Amino acid sequence: MTATVASHRKPRQHPLASLTGGTRTARTAATLALAGAATATVFDGTGQAASPPTPAQVKGRINALYQEAEVATQNYNGAKEAAGTARQELSRLQDEAARRTQKLNAARTELGALAASQYRSGGVDPTVRLLLSADPQRYLDGAAVLERAGSHQATAVAGYARRLGSVRQVRQRAEETAERLATTEATLKKHRVTVVHKLDAAEQLLSRLTAEQRQRMAGRDGARKDGAGTARADRGTRGDGPLDGLLHGSGAAAAAAAAPNPRAARAVSFAYAALGKPYVWGATGPSAYDCSGLTQAAWKSGGVALPRTTYTQISSGPRIDRSQLAPGDLVFFYSGISHVGLYIGGGKMIHAPHPGAPVRIAPIDQMPFAAATRPA
């Protein structure tokens with residue numbers, strides 16, 4: 001049966017009950033006054049929701065998303081390269097295991113033949129066989145052959161055991177490589193999802209801007225101050241008139257001539273020829289590039305094999321002080337070394353910026369400079 005509160009029990013006293021009546025009255029009045037003020041503010045129209053972000057704030061967030069996407073892109077590139085290496089290694093190990101297994105099977109067949117022969121010849125005592133033999137000398141000659149066959153059998157057994165061990169080792173390495181490949185492919189998928197997510201978020205923010213704001217964000221207005229030809233180059237476009245071709249040609253020739261060696265000169269010429277090609281994350285050409293894909297392809301044209309990612313390309317040669325930069329040097333940006341461009345002189349580089357911004361010429365002061373290296 002449910003009991004009710006006993007009449008002799010005192011109800012629990014509220015912590016504020018010890019306050020004097022005057023104090024309670026004052027606090028109540030203050031609370032009502034604040035509530036009334038807040039209500040009045042709402043009805044007066046001064047209490048508003050947070051104002052929408054300004055175009056500058058949207059631009060800052062978009063740039064941050066692009067930079068985050070580029071970090072994920074370099075991680076994706078590294079995982080893709082590792083997956084490719086593991087896949088090739090797995091294929092090689094599988095081929096090697098197949099070859100060694102074939103030799104193992106041949107050795108097993110040989111052992112089986114020797115064992116059967118020994119069983120057939122070993123069923124009769126050698127003394128009895130000698131007495132029963134019509135030609136003792138022929139038997140003795142055969143016995144010598146059997147002795148040699150026994151030695152050959154021991155060699156065959158040892159060879160079989162060796163081949164069996166090698167097959168097991170190769171298969172173990174193949175299993176480990178397959179596990180590493182599976183892990184790497186899972187990492188690859190994770191980075192791919194991150195890149196797509198960041199770029200989708202940036203695209204959604206871009207859609208909030210007007211066409212003029214998007215053009216201004218792409219740097220088209222600011223590029224005009226350097227002249228029509230340079231403006232087109234900074235936009236990453238080739239232009240249609242002969243003056244544009246002359247400007248590009250003269251700029252490429254001057255940068256190549258100032259390069260420290262013929263390999264760097266060819267890399268610079270390649271980068272100039274790539275102006276205007278679209279940025280596609282994970283791309284290495286020839287129709288599209290990401291930042292490290294462009295520098296890798298440029299230096300490949302000069303006969304130098306660079307690794308795939310920004311954080312490995314930075315170790316592809318000696319570090320160069322910013323004051324000693326020469327055309328062809330690789331210039332890296334951000335503390336995480338997530339972006340790279342190809343220096344062309346005059347404080348400028350050719351780089352693949354981000355989606356929607358094709359390969360273009362830009363000042364190296366456009367982003368936080370981190371380091372530079374000269375591929376060797």
Side-chain angles (χ1 to χ4, degrees), residues 62-88 184-185 187-203 206 218-219 233-238 248 252 266-314 316 328 330-334 336-344 349-362 366-367 373 375:
I62 290 172
N63 287 338
L65 284 168
Y66 280 146
Q67 203 271 321
E68 292 166 8
E70 194 148 46
V71 171
T73 297
Q74 294 306 313
N75 290 332
Y76 169 86
N77 291 340
K80 184 178 181 180
E81 186 176 44
T85 301
R87 198 173 290 111
Q88 290 177 356
T184 305
E185 287 181 335
T187 302
L188 187 68
K189 182 178 179 180
K190 181 188 71 175
H191 291 314
R192 183 189 295 115
V193 169
T194 300
V195 172
V196 171
H197 174 73
K198 298 292 185 183
L199 294 181
D200 284 348
E203 188 65 28
L206 273 173
D234 284 340
R235 294 201 303 268
T237 57
R238 296 176 184 274
H248 277 302
R266 287 192 290 271
V268 168
S269 297
F270 182 97
Y272 266 96
L275 286 171
K277 292 189 176 182
Y279 176 102
V280 174
W281 67 272
T284 56
S287 58
Y289 299 95
D290 63 16
C291 69
S292 56
L294 174 64
T295 51
Q296 183 186 50
W299 271 96
K300 183 179 180 181
S301 72
V304 176
L306 293 184
R308 178 64 182 92
T309 65
T310 53
Y311 47 82
T312 51
Q313 287 184 6
I314 197 171
S316 60
L330 301 180
V331 283
F332 299 88
F333 303 91
Y334 301 104
I337 315 298
S338 58
H339 190 75
V340 62
L342 189 83
Y343 189 70
I344 57 172
M349 65 177 171
I350 292 177
H351 73 139
H354 53 73
V359 177
R360 62 175 61 176
I361 296 174
Q366 194 175 67
M367 290 172 286
T373 189

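Everything quoted here is computed from the prediction, not taken from an experiment. For the single chain, residues carry numbers from 1 onward in sequence order.
Nearest heavy-atom pair, P358 versus G276, reported as atom, atom and distance to 0.1 Å: CB-O, 3.6 Å. Taking every heavy atom of both residues into account, L330 and S316 meet most closely at CD1-OG, 4.1 Å. L306 and P375 get closest at one heavy-atom pair: CD2-CB, 3.9 Å. Across every non-hydrogen atom of F270 and A298, the tightest pair is CD2-CA, 3.4 Å. Residue L199 comes nearest to A69 through the heavy atom pair CD2-CB, 3.7 Å, listed as atom of the first residue, atom of the second, then distance. Looking at every heavy atom in both residues, C291 comes nearest to A352 through CB-O, 3.6 Å.
At least one side-chain heavy atom of L188 sits under 4.5 Å from a side-chain heavy atom of R192. For the pair V331/V340, no side-chain contact is recorded, criterion being any heavy-atom separation below 4.5 Å from C-beta on. Side chains of D290 and S292 form a contact here, defined as non-hydrogen atoms less than 4.5 Å apart. Taking 4.5 Å as the limit, every side-chain heavy atom of T194 sits out of range of all side-chain heavy atoms of H197. Counting only heavy atoms from C-beta outward, the side chains of Q296 and T284 approach each other to under 4.5 Å.
Side chain of Q74 to backbone of T309: no donor-acceptor contact under 3.5 angstrom is found. A distance-only check finds no donor-acceptor pair linking the side chain of T184 to the backbone of A79 [under 3.5 Å]. Not one N or O on the side chain of Y289 forms a donor-acceptor pair closer than 3.5 Å with the backbone of H351. E70 places no side-chain N or O within donor-acceptor distance of the main-chain N or O of H339, the cut-off being under 3.5 Å. The backbone N or O of Y334 sits nowhere less than 3.5 Å from a side-chain atom of S338 that would complete a donor-acceptor pair. Judged by distance alone, with hydrogens and angles left aside, the side-chain atoms of W299 form a donor-acceptor pair with the main-chain N or O of G328 at under 3.5 Å.
Here the straight-line distance linking atom CG of N63 with atom CE of M367 works out to 10.0 Å at 0.5 Å rounding. Remark: L342 CG to L294 CG distance equals 7.0 Å, nearest 0.5 Å. Note that CG of N77 and CH2 of W281 are 8.5 Å apart. Values are rounded to the nearest 0.5 Å. To the nearest 0.5 Å, atoms OG1 (T85) and CD (E81) are separated by 5.5 Å. Here I314 contributes atom CD1 and T373 contributes atom OG1; the two are 7.0 Å apart, rounded to the nearest 0.5 Å.
A donor atom on one side chain and an acceptor atom on the other are found under 3.5 Å apart for Q313 and T295.
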Decide side-chain contact (heavy atoms from CB on, under 4.5 Å) for I350 and R360; before the verdict, give the C-alpha distance in whole Å, the side-chain angles of both, and the deciding distance to 0.1 Å.
CA-CA 5 Å; I350 292 177; R360 62 175 61 176; over 6 Å; no
Check the pair I361, Y272 against side-chain contact (heavy atoms from CB on, under 4.5 Å), reporting the backbone distance first and the verdict last.
CA-CA 9 Å; I361 296 174; Y272 266 96; 4.1 Å; yes
Quick one: do F333 and M349 satisfy side-chain contact (heavy atoms from CB on, under 4.5 Å)? Show the steps, please.
CA-CA 12 Å; F333 303 91; M349 65 177 171; 3.5 Å; yes
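By the 4.0 Å N-to-carboxylate-O rule, K198 lies close enough to E68 to be salt-bridged with it. Here E185 does not pair with K80 in a salt bridge; the nearest charged N to carboxylate O distance is not below 4.0 Å.
Ring centroids of Y76 and H191 are separated by 6.0 Å or more, keeping the two rings apart.
Relative orientation of the Y66 and H354 rings is parallel, given thresholds of 30° and 60° on the angle between their planes.
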